[in-house]
Amino acid sequence: MKEFLKRPAVRAFLVFTGVYALALLAIFWGAWSLDKVPVAPDCATTFAVDDAAVWFREVLCGKDFVPSDLMHVIGGMYVWVELQFALAAWLAALGVAFYLRGRGLSFVASFGGGAAFGLMGYCFTLFSAGHLGWFVWLMYGPFAFGLVDRGVRKGKWHNWTLLGAVLAWASARQSDLWLMFTVLTFTYGVWCLIRERKTLRWGRLFIGVGVVAIVALLVGMPQFGHAIFHDIAGREKQIASSSSVEAKSAEDPAAKEKARTERWLFCTSWSLPPEDTLEFALAEIHGGSNDPRIHQKPGNKPYQGRLGQHGIVPPGSGGRHPITGEHLKAGDEFWMPYRQHSLYFGFITLILAALGCVGWVLELKKGSSSKETTSKEPGADWRDAPFWIVAAVLVYLCALGGFTPFYRLVFALPFGDLVRCPVKFVHLLELCAAVLAGYGLEFLRLRLGAGRAWVVPALAIVAALNVFDLARVDARYLAVQDVSFQRAKNTVADDVLKLEGGKVFVAVAPQEGGQLIRDSLGLNRVETTDSMESPETRFVLANGTSLRNDQTLNERMKSGAVKAVGMYTLSQKEGILSTSKDRAALALFQVVGVPAPAPKSEPPVDGGKRALGFLSILSTFAVSAWTLVVCLQRRRAA
């Protein structure tokens with residue numbers, strides 16, 4: 001173990017992981033308890049008691065599967081609510097470090113650049129909005145660039161195989177972002193071919209690309225099918241619902257032009273305003289999140305810039321603008337600023353990225369493609385720097401979206417008119433900045449003297465300060481909610497199920513916990529209904545206020561139309577527990593004469609979909625096992 005810990009790679013990895021652990025601990029401080037979760041509106045933060053069983057049934061029926069889905073059965077989702085975001089950030093940082101290390105950068109430069117990417121503002125603060133699909137990409141996608149580089153240079157089969165799997169896993173949840181990064185990955189692959197053209201083994205290369213395609217299809221067919229047949233159709237439906245052009249006039253030339261204009265406005269909503277570029281270096285100069293649970297925290301303020309939705313009020317809609325208060329009617333153009341994330345890159349990141357550009361220019365002047373060496377290790381290969389510089393310029397122009405005519409080119413591309421929110425291109429810009437920051441650290445290491453004992457520790461401190469500066473801003477986007485009641489026992493649900501089930505009307509006012517009780521019943525596999533008068537209402541759950549004041553309920557009790565079947569206490573921490581009548585805060589009544597519902601029949605399983613799902617799972621485990629064996633063999637040989 002002592003010899004193992006003496007290895008530079010191991011020590012660098014442990015230091016990086018320790019710094020990241022401290023930063024993530026601080027970001028989610030107050031939410032680490034199993035009873036507390038971050039506010040994340042667009043993803044689940046409470047889970048059914050049979051969550052693992054439901055997930056497993058869905059997988060057996062052909063649902064797409066990625067390795068990170070195993071968190072449903074390893075620990076359970078309440079353990080992973082914060083950890084899934086933290087894990088994604090850590091893996092994203094490792095993915096960039098993996099790429100930079102492959103380009104010959106030192107450990108401090110590789111981990112420093114990677115660490116910046118994982119916690120950059122737009123990259124990481126989307127946990128506040130609950131955009132979990134992006135974090136699924138973060139777990140896998142960043143490794144694609146290092147695998148492309150190694151595949152082209154070395155031609156090893158395990159690199160090509162793992163690249164196919166990584167591309168498939170990364171596509172599982174957010175197809176538009178996956179498409180954007182896959183285009184960048186493909187473009188980088190072409191760059192690698194040009195860069196290594198003199199030493200390429202073309203036959204092995206073509207076979208390797210074929211391996212990537214085959215593995216990607218084997219592993220990712222369920223998610224690719226979902227993207228093609230569900231996501232595209234869903235986006236078209238979303239665009240149609242937001243249009244003011246009626247379907248019956250769609251063939252009219254003027255209507256077509258109007259529909260095209262509205263589609264442009266729809267797709268360029270949430271374009272990056274040019275003035276918001278300043279926020280890359282200065283956090284929240286126009287405010288932070290518009291979610292009141294975030295901006296009401298001390299020291300926070302709502303976003304007041306121009307990033308937001310732009311469109312035409314669709315037919316049958318209207319009302320007052322929620323910000324300006326002006327009256328809007330169908331056909332009016334509107335602009336609604338709104339965001340739930342930061343755009344902060346970190347001023348240290350940007351300084352380092354600028355130094356990376358300077359370093360490449362100086363290398364170019366020296367007439368050296370790379371290969372500056374020290375006595376201990378080869379220096380960085382600078383030949384990729386111009387790729388990331390040009391990519392940064394192009395994706396920045398794309399991020400400006402509707403604020404620049406350049407985006408018309410993107411809009412005209414295949415699927416370009418299906419991608420919404422051009423600000424998403426900032427994710428690609430963050431990757432470019434992180435890579436160039438890694439080059440900047442390497443430039444400093446060489447300029448200050450790679451052989452000097454103080455240089456690497458000093459640069460490690462700079463990289464750590466950058467991580468903690470990013471974490472400082474990221475932490476502002478955390479709001480915490482208590483889920484102890486949703487996680488606690490619910491005896492009402494147990495009693496309903498024992499009595500053969502049926503819909504429950506919750507006659508408890510929202511301010512007295514009615515909505516929480518409904519949520520808890522649903523999480524415990526019990527359906528609720530909105531009306532006590534519905535013929536499907538089999539149970540009524542009432543509290544003391546309802547028992548005293550609900551005249552209809554009292555009349556039914558007197559007539560024998562309902563009978564009491566359970567008495568309960570209510571506790572935030574312990575949930576809903578059975579008790580005696582004199583101590584009851586809640587009472588469950590069964591509606592006499594309403595029969596138990598017939599057992600639900602399971603929908604027929606699509607055999608083809610199930611076969612593809614099983615093939616995906618087998619391929620995932622096969623690729624993972626083979627990669628692990630290869631890595632262990634290489635480590636043993638080393």
Side-chain angles (χ1 to χ4, degrees), residues 24 27-28 30-89 126-139 172-174 222-223 226 291 293 340 478-497 501 503-504 506 510 513-528 541 570-577 600 602 613 617:
L24 290 162
I27 291 170
F28 290 113
W32 287 112
S33 166
L34 293 182
D35 291 338
K36 303 291 194 302
V37 299
V39 171
D42 291 349
C43 75
T45 53
T46 55
F47 307 93
V49 293
D50 59 343
D51 171 72
V54 169
W55 170 79
F56 191 66
R57 285 198 301 270
E58 290 176 345
V59 169
L60 291 180
C61 290
K63 184 181 185 294
D64 57 73
F65 170 81
V66 292
S68 53
D69 287 343
L70 290 172
M71 62 182 67
H72 285 278
V73 293
I74 301 176
M77 288 307 300
Y78 284 108
V79 172
W80 286 99
V81 173
E82 305 87 15
L83 276 179
Q84 62 188 337
F85 300 120
L87 176 65
L126 280 176
F127 77 82
S128 177
H131 291 182
L132 190 56
W134 162 244
F135 289 89
V136 172
W137 183 88
L138 278 178
M139 292 183 188
R173 298 293 183 270
Q174 196 151 349
Q223 47 262 43
H226 186 271
D291 189 325
R293 292 163 293 188
Q340 295 168 284
L478 175 72
V480 180
Q481 69 182 83
D482 191 323
V483 295
S484 55
F485 185 79
Q486 291 93 321
R487 292 185 64 244
K489 184 176 179 60
N490 190 321
T491 310
V492 171
D494 295 341
D495 289 345
V496 168
L497 294 174
K503 292 186 177 180
V504 180
V506 181
Q515 186 57 51
L516 279 179
I517 292 172
R518 288 175 67 99
D519 291 344
S520 177
L521 287 171
L523 294 173
N524 283 269
R525 299 172 294 151
V526 169
E527 290 187 78
T528 58
L541 180 65
L570 189 66
S571 167
Q572 175 69 23
K573 296 295 182 184
E574 297 179 357
I576 302 177
L577 304 175
K600 288 187 177 180
E602 293 290 336
I617 294 171

Working to the nearest 0.5 Å, report the span between [atom1] of [X] and [atom2] of [Y].
X	Y	atom1	atom2	answer
Leu523	Thr46	CG	OG1	4.5 Å
Leu521	Lys503	CG	NZ	13.5 Å
Phe65	Leu70	CZ	CG	4.0 Å

Distance-minimising heavy-atom pair for [X] and [Y]:
X	Y	result
Ser128	Gln340	CB-O, 3.8 Å
Ala31	Glu82	O-OE2, 2.6 Å
Gly75	Trp80	CA-NE1, 4.5 Å
Leu34	Val483	O-CG2, 3.9 Å
Trp32	Leu24	CZ2-O, 3.4 Å
Val66	Gln223	CG1-NE2, 4.2 Å

Mind checking whether [X] and [Y] have side chains closer than 4.5 Å, heavy atoms only?
X	Y	value
Arg293	Pro41	yes
Arg173	Asp64	yes
Leu87	Phe135	no
Val81	Pro38	yes
Val54	Arg57	yes
Val49	Arg525	yes
Leu478	Phe127	yes

Go through Asp519 and Phe485 one step at a time and tell me if the side chain to side chain contact (heavy atoms under 4.5 Å, CB included) criterion holds.
-> CA-CA 10 Å; Asp519 291 344; Phe485 185 79; over 6 Å; no
Side chain to side chain contact (heavy atoms under 4.5 Å, CB included) assessment of Phe56 paired with Asp69 | CA-CA 10 Å; Phe56 191 66; Asp69 287 343; over 6 Å; no
Does a sphere of radius 6.0 Å around CD in Gln572 hold more than 12 heavy atoms from other residues, nucleotides or ligands, not counting ones at 6.0 Å or beyond?
-> yes
Donor-acceptor pair, distance only, cut-off 3.5 Å: does the side chain of [X] make one with the backbone of [Y]?
X	Y	answer
Gln515	Pro510	no
Thr491	Ile576	yes
Tyr78	Val37	no

Parallel, tilted or perpendicular: rings of Trp134 and Trp137 (30°, 60°) = parallel
Got a sec, which pairs hit salt bridge (charged side-chain N to carboxylate O under 4.0 Å, His left out) with one end in residues 41-52, sequence neighbours left out?
-> none
Any pair counted as salt bridge (charged side-chain N to carboxylate O under 4.0 Å, His left out), so long as it reaches residues 31-41, sequence neighbours left out | Asp35-Arg487, Lys36-Asp482
Test log, rule side chain to side chain contact (heavy atoms under 4.5 Å, CB included), inputs His72 and Met77 = CA-CA 6 Å; His72 285 278; Met77 288 307 300; 3.6 Å; yes
Apply the test side chain to side chain contact (heavy atoms under 4.5 Å, CB included) to residues Asn490 and Asp494: give CA-CA distance (whole Å), side-chain angles for both, the deciding distance (0.1 Å), then the verdict.
-> CA-CA 7 Å; Asn490 190 321; Asp494 295 341; over 6 Å; no
